[in-house]
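What follows is a short report on a single structure.
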Amino acid sequence: MAISARALPQFSASSDWLQLAFTQMGELVCDGEGIELNGSALAWVAALLMHGSTLSIAQYVSNHQALVRRYETAQGLKRALWFLRHSGTFETCLERAIPMTGSLAKIRASANWVMTPNPYSRDYAPPSHAVVKDAMRHIFRLRSPWTSRPDRTMALSLSTYLTFLTVHPLVDGNGRTSRMLLSADAMGGRHCDPIGALAILLLKAQQSQPFHLSARCARAGDFNMLASCYRESLRFSQDRLSPLLVSLDRVPSDEYEHQLEWVGRIFSLVFEAFNQGESRSSSFFCEAS
């Protein structure tokens with residue numbers, strides 16, 4: 001993206017702030033009872049988190065078909081998500097994400113400022129490229145203790161998503177890579193529950209101004225409002241999306257037209273939420289990818 005002519009203060013993404021992000025998310029976001037997906041819905045949820053899927057039903061279906069060609073069974077996809085979730089380093093994560101993102105993203109070696117008209121974030125500049133690798137190493141060290149814990153999946157997902165996009169480590173593809181890691185965190189563990197990931201996906205769309213303000217507070221070290229916005233989005237996902245996903249998951253893999261009936265209803269809810277969010281405010285994270 002173009003660099004602004006005026007000098008903006010760059011966020012440091014210090015070790016202390018990254019540690020605080022994971023610590024507070026661990027305290028404020030708790031895993032509860034959720035659904036378990038092991039059938040048809042798994043690939044459809046992963047496809048929904050892929051690039052462009054929230055823009056049109058055609059792109060959503062196309063992304064799903066690409067996943068099904070790549071991973072012929074739900075178990076094959078789940079294994080791929082498990083390996084991505086358990087990546088020990090950022091570089092390993094980027095390599096394992098290639099089949100889902102379609103390209104090997106490059107770590108930026110120069111300025112890549114995120115510009116947005118949103119009043120709560122238009123003066124935000126990501127950390128300098130000189131600190132990106134250290135910041136991402138720290139994020140993956142902080143992730144490590146939680147990747148094998150079923151009681152930390154939601155905190156893991158939200159902490160990683162927040163810190164990843166705040167550091168903005170890639171030349172291009174920050175949004176699509178972080179969403180694939182989000183998919184892996186939600187569905188690549190011992191318990192395959194996508195609701196936490198969908199709640200994060202819908203944070204911007206449903207919360208709009210409150211979410212953007214909460215993200216600014218999070219950069220200042222106060223994660224309470226972000227956790228509150230997440231819990232509200234989580235309730236929407238549990239109440240509105242969970243029943244549809246459970247029904248979709250029960251449809252046999254060879255009944256594609258029947259799957260599409262449930263998929264259309266899921267997409268309509270997500271698309272409506274995104275349109276409402278976009279009509280009120282642009283994305284804080286500016287996930288240009």
Notebook entry, point to check: Looking only at heavy atoms, what is the nearest atom pair of A199 and S233, with distance?
Noted result: O-OG, 2.7 Å

Notebook entry, point to check: Is there a side-chain contact between D31 and R152, using heavy atoms and a 4.5 Å cut-off?
Noted result: no

Check: What is the distance from atom CG of D185 to atom CG of L81, rounded to the nearest 0.5 Å?
Finding: 10.0 Å

Margin query: Angle between ring planes, W44 versus H64, binned at 30° and 60°: parallel, tilted or perpendicular?
Written below: parallel

Check: Does any N or O in the side chain of T23 come within less than 3.5 Å of the main-chain N or O of Q19, such that one atom is a donor and the other an acceptor?
Finding: yes

Note to self: What I'd like to find out is whether the side chain of L165 reaches to under 4.5 Å of the side chain of P126, using heavy atoms alone.
What the structure shows: no

Notebook entry, point to check: Is it true that a side-chain atom of N174 and a backbone atom of L170 form a donor plus acceptor pair closer than 3.5 Å?
Noted result: yes

Notebook entry, point to check: So do H138 and W17 actually touch side chain to side chain, heavy atoms under 4.5 Å?
Noted result: no

Item checked: Short side-chain donor-acceptor distance under 3.5 Å, S242 and Q238 -> no

Next item on the list: Consider only side-chain heavy atoms of I, L, V, M, F, W and Y, link residues closer than 4.5 Å, and tell whether L244 and V263 are in one cluster.
Entry: yes

Checklist line | Q259 side chain near L248 side chain, heavy-atom distance below 4.5 Å | finding: yes

Next item on the list: Hey, could you give me the OG/CG distance between S237 and L201, rounded to the nearest 0.5 Å?
Entry: 8.5 Å

Note to self: Less than 6.0 angstrom separating the ring centers of F223 and F22, yes or no?
What the structure shows: no

Check: What pair of heavy atoms forms the shortest contact from V29 to M154, and how long is it?
Finding: CG1-CB, 3.8 Å

Notebook entry, point to check: Considering residues, nucleotides and ligands other than R240, do more than 12 of their heavy atoms fall under 6.0 Å from its CZ?
Noted result: no

Next item on the list: Start with the C-alpha gap between M180 and M50, add the side-chain angles, then the distance that decides, and say whether side chain to side chain contact (heavy atoms under 4.5 Å, CB included) holds.
Entry: CA-CA 7 Å; M180 289 304 93; M50 291 174 69; 3.6 Å; yes

Next item on the list: Taking all non-hydrogen atoms of both residues into account, name the closest pair between Y71 and P99 and its distance.
Entry: OH-CB, 3.1 Å

Check: Going from CG on L48 to CD1 on I266, what distance comes out if it is rounded to the nearest 0.5 angstrom?
Finding: 8.0 Å

Notebook entry, point to check: So how far is it from D151 CG to H191 NE2, rounded to the nearest 0.5 Å?
Noted result: 12.0 Å

Margin query: Assess, by modelled atom type and distance only, whether the side chains of R176 and T101 contain a donor and an acceptor separated by less than 3.5 Å.
Written below: no

Item checked: Nearest non-hydrogen partners of M25 and S159, listed with the distance -> CB-OG, 2.8 Å

Check: Side-chain contact, heavy-atom cut-off 4.5 Å: V45 with S183?
Finding: no

Notebook entry, point to check: Taking side chain as C-beta onward, heavy atoms only, is L182 less than 4.5 Å from T160?
Noted result: no

Next item on the list: Tell me, please, which residues at least two apart from N63 pass side chain to side chain donor-acceptor pair (under 3.5 Å).
Entry: S53, Q59

Next item on the list: Decide side chain to side chain contact (heavy atoms under 4.5 Å, CB included) for S12 and V131; before the verdict, give the C-alpha distance in whole Å, the side-chain angles of both, and the deciding distance to 0.1 Å.
Entry: CA-CA 8 Å; S12 67; V131 304; over 6 Å; no

Notebook entry, point to check: Side-chain heavy atoms under 4.5 angstrom apart, residues restricted to Ile, Leu, Val, Met, Phe, Trp, Tyr: same cluster for L158 and L20?
Noted result: yes

Item checked: Steps toward side chain to side chain contact (heavy atoms under 4.5 Å, CB included) verdict (C192, K78) -> CA-CA 8 Å; C192 183; K78 196 170 183 179; 3.7 Å; yes

Notebook entry, point to check: Under a single-linkage definition using a 4.5 Å side-chain heavy-atom cutoff for Ile, Leu, Val, Met, Phe, Trp and Tyr, are F140 and F83 assigned to the same hydrophobic cluster?
Noted result: no

Next item on the list: Check whether any side-chain heavy atom of M100 lies under 4.5 Å from a side-chain heavy atom of L77, and answer yes or no.
Entry: yes

Checklist line | Side-chain heavy atoms of I200 within contact of S157, under 4.5 Å | finding: yes

Item checked: Which atom of A155 lies closest to which atom of G26, heavy atoms considered -> CB-CA, 4.0 Å

Notebook entry, point to check: Under the side chain to side chain donor-acceptor pair (under 3.5 Å) rule, what pairs show up with a residue in residues 80-91, not counting sequence neighbours?
Noted result: R85-T153, T89-T92

Notebook entry, point to check: Within the side chain of R108, is there an N or O that forms a donor-acceptor pair under 3.5 Å with the backbone of H168?
Noted result: yes

Item checked: Sidechain-backbone polar pair: T166 side chain, L162 backbone, donor-acceptor under 3.5 Å -> yes

Checklist line | For the student: nearest non-hydrogen atoms of L42 and L37, plus distance | finding: N-CD1, 4.5 Å

Notebook entry, point to check: Is there a chain of hydrophobic side chains (I, L, V, M, F, W, Y, each step under 4.5 Å between heavy atoms) that links F236 to Y230?
Noted result: yes

Note to self: Could you check whether any side-chain N or O of S40 sits under 3.5 Å from a backbone N or O of V251, counting only pairs where one atom can act as donor and the other as acceptor?
What the structure shows: yes

Checklist line | Residue pair E261, R265: steps toward the side chain to side chain contact (heavy atoms under 4.5 Å, CB included) verdict | finding: CA-CA 7 Å; E261 295 175 12; R265 296 173 64 181; over 6 Å; no

Notebook entry, point to check: Say you draw a straight line from CZ of F164 to CG of L181; how long is it, rounded to the nearest 0.5 Å?
Noted result: 7.0 Å

Note to self: When you group the ILVMFWY residues by side-chain heavy-atom contacts below 4.5 Å and let the links chain together, are V68 and L49 in the same group?
What the structure shows: no

Next item on the list: List the steps and the verdict of salt bridge (charged side-chain N to carboxylate O under 4.0 Å, His left out) for K106 and D172.
Entry: CA-CA 7 Å; K106 296 181 180 179; D172 189 27; over 6 Å; no

Next item on the list: Could you grab the distance from atom SG of C93 to atom CZ of R143, nearest 0.5 Å is fine?
Entry: 7.0 Å

